Visitor: 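Shown below is the structure under consideration.
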Amino acid sequence: MNALVWILGGLLVILAIAWVFRFATQKATDNKPYFRDMPLSVAFGYVFAAAALLLSIWYFFQPKAVDGIPSAGVIFFRWAIIGLLGFAAAAWVFRTVFRNVGSENSKKLFRSMPLTAAFGVMIIIVYAIVSIFAGLIAPYGQEEILGAANVVAGGDPAIGGNPEYPLGTDQIGRDILSRLIYGAQNTVGIAFITTCLAFILGGTLGFLAAVLGGWLDQLLSRMVDALMAIPSLIFSLLLMTIATAWAGSEAWLVTIYMIFIIAVIDSTRVFRLSRAVGQSIVVMDYIEAAKLRGEGMGYLIFREILPNALAPLLAEFGLRFCFVFLTIASLSFLGVGIQPPKADWGTMVRDLSPFINYASFAPNAAVTPLLAAGAIALLTVAVNFVVDWMLHKSSGLKE
Amino acid sequence: MSDLLLKIRGLKIEGRSDETWNPIINGIDVDLKKGEVLGMIGESGAGKSTVGLAAMGYTRDGVRISEGSVEFDGVDLVKASASVKRSLLGKRIAYVAQSAAASFNPAHKLIDQHTEGPVQHGVSSRAESEIDGIELYRRLRLPSPEEIGFRYPHQVSGGQLQRAMTAMAMACRPDLIIFDEPTTALDVTTQIEVLASIRDIVEQFDTAAIYITHDLAVVAQMADRIKVLLKGDEVEEADTRTMLTAPTEDYTKSLWAVRSFERPAKPAINVNATPVVSVRNVTAAYGTVDVLHDVSFDIHAGRTVAVVGESGSGKSTAARCITGLLPPRIGHIEFDGQQLPLSYKQRDKSQLRQAQMIYQMADTALNPRKSIGETIGRPVEFYMGLKGREKRKRVEELLAEIELEPTEYFNRLPSELSGGQKQRIGIARALAAEPQFIICDEVTSALDQLVAEGILRLLAKLQDELGLSYMFITHDLATVRSIADEVVVMKDGDVVEQGPKKEMFKPPHHAYTDLLLSSVPEMDPDWLTNLLQERGVDNIGDAAVDKM
């Protein structure tokens, strides 16, 4: 009850300040149209945002520990803010560098790029490098057991860390940093292959259905409907259980089966999209002109339709990649995906998840499961930023 | 208070593109008295619509008024607050958009949308404005006015919708209406009805209006004064009659001269010669509905056959039958005396090569992701088997033929070209196949008059050089007059009349041909008045009812 009164009172105060703010700016700027036509709700938004900003700054500078007990809220908040600002700064530097280095075309591209997209591109490049050169970058092997188990992240011996393992070790003593790096290779690499496969399959069939229409379209579409009617995670879980039984002791076979299963299930979404995009392109006069010229099906699909469908398909590729990636992580979390001892982010989150219970008194220990989860989140956010930007660009082209 | 209703002074408007503000309108003055109609003409991109919208104190997104004032009845709309503008717009200033079909909300009945303005502005109650709406529908000569308002927008025709929108604009009895190309999307026969009713209602209520159009003949009927715009500048302004008879500026004169292009008549056809294309008793259907009934006509070598008619008359369907996209149900197509397979899928490469097509909308006819060189190069490679340097040379020849600088345009994308240039690329692509026969489907109707004339002259030149035959589909009789040798008039899937152009433009005609011919606006400002007298004013309303 008391809290409710405080919140209501605070909002009313902000509303009052907003009214004063608007009144003052109207007087000060001699009724500039922007302030004259400003609704009170917009002024409220400004003042509210300012208040929230001030509160954050105040909270940021609160002491890290009170009477020797760490205040976990402040510490996590600081990490979040530092991470956010750090990534923003890195993205800005990255963009600035590439605005001045590289070919004319790439410079032009970076000049038109918003900061969010630059961040996304940067993260994707970093992940790509890390996953390709994982063997060279990682300090230890992914399966290597290094004596000390449960070393706390941060490398500070005072609270149970070890500078040799900057991100600590897991419950059986494997280096978490190395496992994160190898996890990038396993999870991201497999997700990439799976997404490509889904696109080749779904895209080709979708365009074919759009161009030919008729019974082929009906047949393919109804098959896709049937596949989509089953919840995809449960369906893939079911199939993976069967596949695991088939594969027996061959762990690599399970991975191959997984790639195909997820690719087929995800290709249904790609099919839907490419069919819809294809259908709107097929009615264009230039397709009619190509048909009347006597062009074959291959030329129609790959030379006339595909270039025009590329923008939405690329955007979908980014999104689909995230979903595939999350599906793999979920399957691994559930124990049927990438098999141990191979490092994989989903499995890491599952295995280390009990540490989250320490969050209130030992933030550095609680962070271990969050590292893998953060790696997943970071890539997902990055890919989505790039996708948003591409969608924006492709819709701009149509104007 | 002076009797000036609208006073625009030094209006400058800028648009945002590539991160900077670029001028669109460079200082324009407009004076409009009460009850006066000002015509505003110019090609696309001249800024007509932008000025029209600015007269309401409104700009589109990404566009701003940078300087100048728009005084409406003493109120400067540029500086006025949103609430002041709200109280004026819709009530004292109204707007009629080009495409009524796109401007009505498809989810509401016409009368609901009609009464919204008066009720919102507190001019009248819902019941009163409904009665008034029906009265306006009657005055605009809409068929069954008591009942038409209770239909949804998709249930009435384009011309009726345009009139319903005019009625909606009149709902609050505004002092000023801005008409933005209200008849451009309509057929000639429908256009007349809309023009006549707009003119009547503007006169009856003594409303001032700005009438924006690119069609000179239309503006001559509607306006008291005409203002000519070019690229955001005023070229000249004068009384309609003065402007038509004695324009002072070169640009205006060139606009006026467009309609004078006419090809010399060719000698009569040798009746024994085999026609290049011959349509034989073709009946075609979409699904189970016949849209062409027993259509026959011939196209001879080096001739242009114009196929005219309103939309829905089957002109384009006839073209689809010739190309084989729509195999005829009965009848067949002959090429050089040889019967062609009905479907394009069964025709071989050389048969496909002989008949090419140029489309109405160059935007959708060119693949936006392919450069000009690729677009024109493909048929060169596909049919002629030329590759590499030879292909490039041939494409450059073709570009020179359509009067575009080869080196400059070779690598451009369609989005980097103007409408007229795109249409030229469409022509080049057709020529690249080295055909004998080209179907031109409304190739000039999406273009400005000056640009359209350029395209017509180019087509005529190519015909003389290469001996091409054209099937020219159009609804614009001015185009027919300038380029055709023979004319085929179609209505509802039937050929109503056909023959050499000379005979077609001379009476006696079939009644429908007569209606079409007499509906083409002429530059004479008295034309509409005379025509209405001739037909008897009531006839137009009746004609509209008949069409239902």
Side-chain angles (χ1 to χ4, degrees), chain A residues 22 26 29-40 42 99 105 108 111-114 211-214 277-278 280-314 393-399, chain B residues 17-19 61-62 64-65 78-86 319-320 322-325 343-353 355-371 374-375 378-383 413-415 425-426 429-430 432-433 435 439 441:
Chain A
R22 188 177 64 162
Q26 279 173 357
T29 59
D30 192 25
N31 262 349
K32 273 244 175 74
Y34 184 78
F35 294 109
R36 187 195 59 205
D37 294 339
M38 181 188 278
L40 192 58
V42 172
R99 275 181 180 181
N105 278 338
K108 205 171 153 194
R111 243 171 250 140
S112 68
M113 196 183 272
V211 177
L212 291 177
V277 173
S280 68
I281 296 171
V282 162
V283 294
M284 291 291 180
D285 288 336
Y286 55 85
I287 301 293
E288 190 181 300
K291 277 184 184 169
L292 286 180
R293 194 157 62 223
E295 301 283 6
M297 190 59 65
Y299 183 89
L300 277 182
I301 289 182
F302 293 109
R303 305 300 294 279
E304 297 279 357
I305 297 178
L306 190 61
N308 290 289
L310 215 53
L313 279 186
L314 271 180
K393 263 182 58 152
S394 71
S395 65
L397 270 179
K398 279 172 201 150
E399 280 171 6
Chain B
S17 64
D18 298 333
E19 310 280 306
D61 277 349
R64 68 172 184 195
I65 298 176
V78 177
K79 294 213 178 75
S81 73
S83 61
V84 170
K85 275 196 249 177
R86 255 199 305 277
R320 288 173 69 84
I322 296 176
T323 55
L325 281 169
S343 165
Y344 75 96
K345 287 175 188 154
Q346 287 134 26
R347 295 184 188 171
D348 63 32
K349 240 184 188 182
S350 70
Q351 286 168 332
L352 288 170
R353 183 176 71 81
Q356 291 292 313
M357 196 148 171
I358 307 170
Y359 294 86
Q360 173 176 11
M361 305 299 294
D363 284 321
T364 62
L366 301 179
N367 191 330
R369 302 279 167 170
K370 287 191 170 194
S371 72
E374 284 176 275
T375 297
R378 181 62 192 173
V380 171
E381 185 182 332
F382 189 76
Y383 291 125
L413 288 174
S415 55
I425 301 301
R429 179 174 62 186
I439 298 173
D441 191 353

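As the structure is a prediction and not an experimental result, all values here were calculated from the model. Just so it is clear: chains get the letters A, B, ... in the order the sequence lines come, proteins before strands, and each one is counted from 1.
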Visitor: CD of A/Glu295 to CG of B/Leu352: how many Å apart, nearest 0.5 Å?
Guide: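 The distance works out to 10.5 Å.
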Visitor: What is the distance from atom NZ of B/Lys345 to atom CG of A/Leu292, rounded to the nearest 0.5 Å?
Guide: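 Atom-to-atom, B/Lys345:NZ and A/Leu292:CG are 11.0 Å apart.
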Visitor: Looking at B/Asp348, I want to see if its CG is surrounded by more than 12 non-hydrogen atoms of other residues, nucleotides or ligands under 6.0 Å.
Guide: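 Count over threshold, so yes.
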Visitor: Indicate yes or no: at least one non-hydrogen side-chain atom of B/Lys370 is less than 4.5 angstrom from one of A/Glu304.
Guide: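 In short, these two side chains touch, coming nearer than 4.5 Å.
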Visitor: Counting only non-hydrogen atoms closer than 4.5 Å, does B/Ala80 touch chain A with its backbone (N, CA, C, O), its side chain (CB onward), both, or neither?
Guide: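 Looking at B/Ala80, just its backbone touches chain A.
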Visitor: Measuring only between side-chain heavy atoms, which start at C-beta, is B/Leu366 closer than 4.5 Å to A/Tyr286?
Guide: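 When only atoms from C-beta onward are counted, A/Tyr286 and B/Leu366 do not touch, as no gap falls below 4.5 Å.
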Visitor: So which of B/Gln356, B/Arg353, B/Met357, B/Arg429 actually passes side-chain contact (heavy atoms from CB on, under 4.5 Å) with A/Arg293?
Guide: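 Answer to the side-chain contact (heavy atoms from CB on, under 4.5 Å) test with A/Arg293 among B/Gln356, B/Arg353, B/Met357, B/Arg429: B/Arg429.
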Visitor: So for atom CZ, which belongs to A/Arg303, do other residues, nucleotides or ligands contribute more than 12 heavy atoms lying within a distance under 6.0 Å?
Guide: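 Open: at most 12 neighbouring heavy atoms sit under 6.0 Å from CZ of A/Arg303.
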Visitor: Can you tell me how far the CG atom of B/Asn367 sits from the CD1 atom of A/Ile305, to the nearest 0.5 Å?
Guide: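 Here the rounded value is 9.5 Å.
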Visitor: Could you measure the distance from the CD1 atom of A/Ile287 to the OG1 atom of B/Thr364? Nearest 0.5 Å is fine.
Guide: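 It comes to 10.5 Å.
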Visitor: Please check if the number of heavy atoms outside B/Lys79 that lie under 6.0 Å from its NZ is greater than 12.
Guide: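 Not buried by this count: 12 neighbours or fewer within 6.0 Å.
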Visitor: Does the cation-pi check pass for B/Arg378 over A/Tyr299, that is, NZ or CZ under 6.0 Å from the six-membered ring centre and within 45° of its axis?
Guide: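 Flagged: B/Arg378 positioned over aromatic ring of A/Tyr299.
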Visitor: Can you tell me if NZ on B/Lys349 sees more than 12 non-hydrogen neighbours from other groups inside 6.0 Å?
Guide: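 Counting other residues, nucleotides and ligands, NZ of B/Lys349 exceeds 12 neighbours.
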Visitor: With rounding to the nearest 0.5 angstrom, report the CE to CE distance, A/Met284 to B/Met361.
Guide: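 Here the rounded value is 10.0 Å.
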